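What follows is one structure encoded as structure tokens, with my remarks underneath.
Treat the numbers as computed from the prediction; the structure is a model and nothing was measured.
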Amino acid sequence: MPSGAVLSDSLTDLLVAGVVVELDASEAEALGAFEETALGEADAWDANADIEPGEARHGQ
């Protein structure tokens with residue numbers, strides 16, 4: 001937690017600067033904290049469609 005921050009468990013404090021709000025997993029999920037936005041495997045493969053052979057450098 002940042003130094004000088006105030007700890008709260010009230011949702012009404014979410015927009016108050018300097019306040020860290022602790023949420024349980026169900027509250028966080030209801031607020032969209034765990035929304036999956038990663039690409040699926042098919043979309044990831046499609047994203048590689050425009051790479052020329054030999055252009056990809058594994059880990060470099």
Side-chain angles (χ1 to χ4, degrees):
M1 187 164 66
S3 66
V6 176
L7 183 61
S8 173
D9 62 359
S10 174
L11 292 177
T12 59
D13 291 333
L14 279 174
L15 299 177
V16 178
V19 176
V20 175
V21 179
E22 286 189 338
L23 303 173
D24 63 31
S26 62
E27 290 172 319
E29 186 171 11
L31 292 171
F34 302 118
E35 182 178 341
E36 181 60 63
T37 59
L39 289 176
E41 183 178 2
D43 290 331
W45 280 110
D46 288 344
N48 288 323
D50 61 347
I51 296 177
E52 297 294 325
E55 183 179 5
R57 306 231 185 263
H58 300 285
Q60 296 179 5

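In terms of the side-chain hydrogen bond (donor to acceptor under 3.5 Å, both in side chains) criterion, D46 has no residue partners (sequence neighbours excluded). A5 meets the side chain to side chain contact (heavy atoms under 4.5 Å, CB included) test with M1, P2, V20; sequence neighbours excluded. Taking D24 as the reference, S26 meet the side-chain hydrogen bond (donor to acceptor under 3.5 Å, both in side chains) condition, with sequence neighbours excluded. Residues satisfying the side chain to side chain contact (heavy atoms under 4.5 Å, CB included) criterion with T12, sequence neighbours excluded, are S10.
Atom CG of L15 sits in a sparse spot, with 12 or fewer heavy atoms from other residues, nucleotides or ligands closer than 6.0 Å. For E29, the CD atom counts as loosely surrounded, since its 6.0 Å shell holds 12 or fewer non-hydrogen atoms of other residues, nucleotides or ligands.
The shortest heavy-atom contact between E27 and E22 is OE1-O, 4.4 Å.
Under a 4.5 Å side-chain heavy-atom criterion applied to ILVMFWY residues, the cluster that includes V21 comprises V6, L11, L14, V16, V19, L23, L31 as well.
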